[in-house]
Amino acid sequence: MSIYDSLNPEQKEAVLHTEGPLLILAGAGSGKTRVLIHRIAWLMEQGISPWNIMAITFTNKAAGEMRQRVNNLVGQGADSVWVATFHSTCVRILRRYIGHLGFDTTFSIYDTDDQKTVMKDVCKRLNIDTKVYKERYLMSVISRAKDELVSPMEMAIAAGTDWQKKLLAEAYKEYQAQLRRNNALDFDDLIVKTVELFQNCPEILEAYQDRFRYMMVDEYQDTNTAQFKLISLLAGKYRNLCVVGDDDQSIYKFRGANIYNILNFEKVFPDARVIKLEQNYRSTRNILNTANEVIRNNCGRKEKRLWTENDEGNPIAFRLLPNAFEEAELIIGDISRHVRDRKADYQDHAILYRTNAQSRLFEEKLILAGIPYKLIGGVNFYARREIKDVLAYLKTIDNGRDEIAVRRVINVPKRGIGATTLNRVGDYAAAYGIGFYDALVRAEEIPNLGRSAGKIRPFTALIETMQDKLGHTPLVELTKELLEETGYIKELEAEGTDESKGRIENIDELISKIAAYEESAEEPTLSGFLEEVALVADIDSLEESSNYVILMTLHSAKGLEFPYIYMAGMEEGVFPSYMSLNGENPEEELEEERRLCYVGITRAKKELMLTAARQRMLRGQTMYNAVSRFIREIPDEYLERGNKTRSRSMEKPSNGAMQDAWIQSKESFRVKPYESQTLTVNKASGLEYAAGDRVRHIKFGDGTVLDITEGKKDYEVKVEFDTAGIKRLFASFAKLKKL
DNA sequence: GGTTGGAAACTTTTT
DNA sequence: GTTTCCAACC
């Protein structure tokens, strides 16, 4: 009996095929991570040094999980296996060798905010009207170019005489020049520069080729051209490249993912072995069939059909609500019922939606109902103002050449240094060809500065003091001292608002993160911390052990699974999104939306509920959207539409144009508006409190129960809160605690 | 040089 | 509905 006996024949074949290129087409829930882990174990069993094995993922979370599971399976030696994300792999390589490309090894990593700041400056320099060309647009053009490994010069050549394209190429060139001046790389550069390094320095490439003799790439369908180039270079010598992906789950095309990497793998590697994993171990048959029916509507995919031995399970529930409020209430009512009936825990539920903006209503209702939840996505912790401020200080201390960081904090807190002064310093720096920070240090020599020079002094002095301490003072100490010296916390304290309190809490959290880093890292350095921070995604913070309802976008949900999944906002214009329907390439973008829908459906293990709202506020406007076409693509036999059983007199036409007409006519048949779906909350058998008792509510605080009315479905409790006044609450939502 | 108010823009998805 | 930006004031 060996660990490999638990694998099915295809999985086993994938595990045992170690030499040469291998493409594993792994459907949703087909155990691909399991295969990868067993493959690593098998390789080590064959006497291959863990040092020569590499597994690449997209998120830190996936990497961490894989590392954990490899440890559990093989134990000793597993630590030497290189398990990392694309980006952190590249950073580790570049931190050693980027000198060959003329950068300093202390380079900064710019996030989207920083990029925008650079872009603004670029536009100013090139006299680009940002009303005509938005920074965001320019950034996306540049990002796409980098995904495709197109250099500014190549872009300029390709532009020919088209002045618009020439302008874009010009902006790209200037943008890169600015980054270089700041000794900074953006996310895309991490990949691009590593490829460049390998192409320029064959000896470095060969060293890594010898190191990574066995390579595995997870979520291969999301790789872009640059990433593909990177792995092909690395695998170029030994060709032991194993990629695992599912073309049906490719949802990052907008970010440059090249679906042809998977569709054409066999063309690039003609000797590639292709193995399909089609047995699903995750979902019920109903869920899986539904997913299959939806994705079937896409063309241009590798033919496969997932099957399962699991039970049929319950039908997929679809509910159309009058508005988004009731949609949220319905879902949350469903969750609390599950928990109350001890059918499931909070953590077994995830609410998925298309856009982050949709999360708010759910948050509000969850707070009101006293249900613990975790929101994934939205504003990244490290993108918050106060966090960016502190990090900018640390970056300045770490790498004085990072002008964006220096400019960010030079006047935070206020030091009376304004735009005029900064411009003069900037001019001086440009004139003498020195860095911005270096110019600040020489403030006294700059003409026309006058008294302002004296204001700059304390800033540079502070930075210098901190730089001196770097290396022999713990980072936590250094940061605390920095906050003390700058008076940053004091200023927030003085404000005394809820917002400023929140900011202080965030800074405290940052300090604990620094402490955690110092404890866990073998050799903690400031650069190391900043780097780790630059590469975290929100999804990485998801902990399996905590009992929370999870709220996140469909994109974030990829790779995860939950017993109960709710997909909200199943409406035309929301999902599929308005943008995809009106984009340049509606057909193609719609297919990506459909894949996203497929990803969402296949996250569910036991039950899936799809919801839509007749009426919804979008961008401050009330919209009336039709039910999503994805719902219509699900045959009735798998759907359960609540109490209403509606006859379907019309056959669904198959071609596109007809379908639209059919949708419209179908809509027009819906003469009377849908009745509001009543909240099916089962009444609790009894309440632990009665009128006159003191109770506590998670949001409103403490209060006194005035009155309890027994309704048909739930108890309605009237409470006079000490601070929030009198409220009427439903007992099953309010989760009042007797004091 | 800093503060404030009001208008404009914005929301698809993220390492 | 919310955030960001800019111009006019202090």
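Note that the structure is predicted; figures quoted are calculated from it, not measured.
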### A/I417 CD1 - B/dG1 P separation (whole Å)
10 Å

#### Entry: Whole-Å distance separating the NZ atom of A/K134 from the P atom of B/dT12
13 Å

## Note on the structure
In whole angstroms, the gap separating C1' of B/dT12 from CG of A/N625 amounts to 15 Å

### Task
Would you mind reading off the distance between A/R354 atom CZ and B/dT13 atom P, rounded to a whole angstrom?
7 Å

### Query
Mapping A/L422 and A/E589 onto DNA chain B by nearest heavy atom, which one lands closer to the 5' end?
A/L422

### Message
Tell me whether the side-chain N/O atoms of A/N356 come closer than 4.0 Å to OP1 or OP2 in B/dT13.
### Response
yes

Protein and nucleotides 2-9 of chain C: nitrogen or oxygen contacts under 3.5 angstrom:
residue, atom, partner, partner atom, Å
C/dT2, OP1, A/R360, NH1, 2.7
C/dT2, OP1, A/R360, NH2, 3.3
C/dC5, OP1, A/K120, NZ, 3.1

### Query
Is any side-chain N or O of A/T421 closer than 4.0 Å to OP1 or OP2 of B/dG1?
yes

### Query
Of the nucleotides B/dT12, B/dT15, B/dT3, which has the atom closest to the A/E593 side chain?
B/dT12

### Task
With heavy atoms under 4.0 Å as the rule, sort A/F187 into base, sugar-phosphate or nothing.
base

### Task
Taking atom C1' in both B/dT12 and C/dC5, compute the distance separating them and give it to the nearest angstrom.
23 Å

### Query
Reckon A/S88 touches a base, only the sugar-phosphate, or nothing at all at heavy-atom distances under 4.0 Å?
nothing

### Task
Under the side-chain contact (heavy atoms from CB on, under 4.5 Å) rule, collect the residues that match up with A/Y260, sequence neighbours excluded.
A/N258, A/L263, A/N264

### Query
Looking for any heavy atom pair under 4.0 Å, which part of the strands does A/L190 touch: base, sugar-phosphate only, or nothing?
nothing

### Task
Could you check how far CZ of A/F86 sits from P of B/dT15, rounded to whole Å?
14 Å

### Message
Considering every strand and a 4.0 Å limit on heavy-atom distances, what is the contact class for A/R136: base, sugar-phosphate, or nothing?
### Response
sugar-phosphate

### Message
Tell me which pairs pass salt bridge (Lys or Arg N to Asp or Glu O under 4.0 Å) where either residue lies in residues 412-426 of chain A, with sequence neighbours left out.
### Response
none

#### Entry: Under 5.5 Å and under 30°: A/F254 stacked on B/dT12
no

## Note on the structure
Contacts of A/K253 meeting salt bridge (charged side-chain N to carboxylate O under 4.0 Å, His left out) (sequence neighbours excluded), chain-then-number -> A/E588

### Summary
From the candidates B/dT12, B/dT3, B/dT14, the one with an atom nearest any side-chain atom of A/T553 is B/dT14

#### Entry: N or O in side chain of A/S577 less than 4.0 angstrom from B/dT13 OP1/OP2
no

Name the atoms and distances for all side-chain donor-acceptor pairs under 3.5 Å in residues 242-249 of chain A, with sequence neighbours left out.
residue, atom, partner, partner atom, Å
A/D246, OD1, A/D248, N, 2.9
A/D246, OD1, A/K304, NZ, 3.4
A/D246, OD2, A/Q249, NE2, 3.0
A/D247, OD1, A/K304, NZ, 2.8
A/D247, OD2, A/K302, N, 2.7
A/D248, OD1, A/R301, NE, 2.8
A/D248, OD2, A/R301, NE, 3.3
A/D248, OD2, A/R301, NH2, 2.8
A/D248, OD2, A/K304, NZ, 3.3
A/Q249, OE1, A/R603, NH2, 3.3

#### Entry: OP1 or OP2 of B/dT12 under 4.0 Å from side-chain N/O of A/S580
no

### All salt bridge (charged side-chain N to carboxylate O under 4.0 Å, His left out) counterparts of A/R92, not counting sequence neighbours
none

### Message
Using a 3.5 Å distance criterion without hydrogens, assess whether the side chain of A/Y566 forms a donor-acceptor pair with backbone atoms of A/L352.
### Response
no

### Task
Scan A/N411 against the nucleic acid and name what it touches under 4.0 Å (heavy atoms): base, sugar-phosphate only, or nothing.
sugar-phosphate

### Task
Side chain of A/T420 only, please: which of B/dG1, B/dT3, B/dC10 is the nearest?
B/dG1

### Query
When we call it a touch if two heavy atoms are under 4.0 Å apart, what does A/K558 touch: a base, just sugar-phosphate, or nothing?
nothing

### Message
In whole Å, I'd like the distance from the CD1 atom of A/I251 to the P atom of B/dT14.
### Response
9 Å

### Query
Given A/R595 and A/E592, is the salt bridge (Lys or Arg N to Asp or Glu O under 4.0 Å) satisfied, shown in steps?
CA-CA 5 Å; A/R595 289 193 292 269; A/E592 177 137 326; 3.2 Å; yes

### Message
Using a 4.0 Å heavy-atom cut-off, does A/Y252 contact any base of the nucleic acid, only the sugar-phosphate backbone, or nothing at all?
### Response
sugar-phosphate

### Query
B/dT13 P sits how many Å from A/L590 CG, rounded?
18 Å

### Query
If only side-chain N and O atoms of A/T59 are considered, is one of them under 4.0 Å from the OP1 or OP2 phosphate oxygen of B/dT14?
no

### Query
Donor-acceptor pair, A/R354 side chain versus A/M570 backbone, under 3.5 Å?
no

### N or O in side chain of A/K455 less than 4.0 angstrom from B/dG1 OP1/OP2
no

### Message
Pick the closest DNA chain B nucleotide for A/Y578 and for A/D188 by heavy atoms, then say which residue is nearer the 5' end.
### Response
A/Y578

### Message
Would you call the rings of A/W82 and A/F212 parallel, tilted or perpendicular, taking 30° and 60° as the class edges?
### Response
perpendicular

#### Entry: Whole-Å distance separating the CG atom of A/N60 from the P atom of B/dT14
15 Å

### Task
Identify which nucleotide among B/dT15, B/dT13, B/dC10 has an atom closest to any side-chain atom of A/T112, counting heavy atoms from C-beta outward.
B/dT15

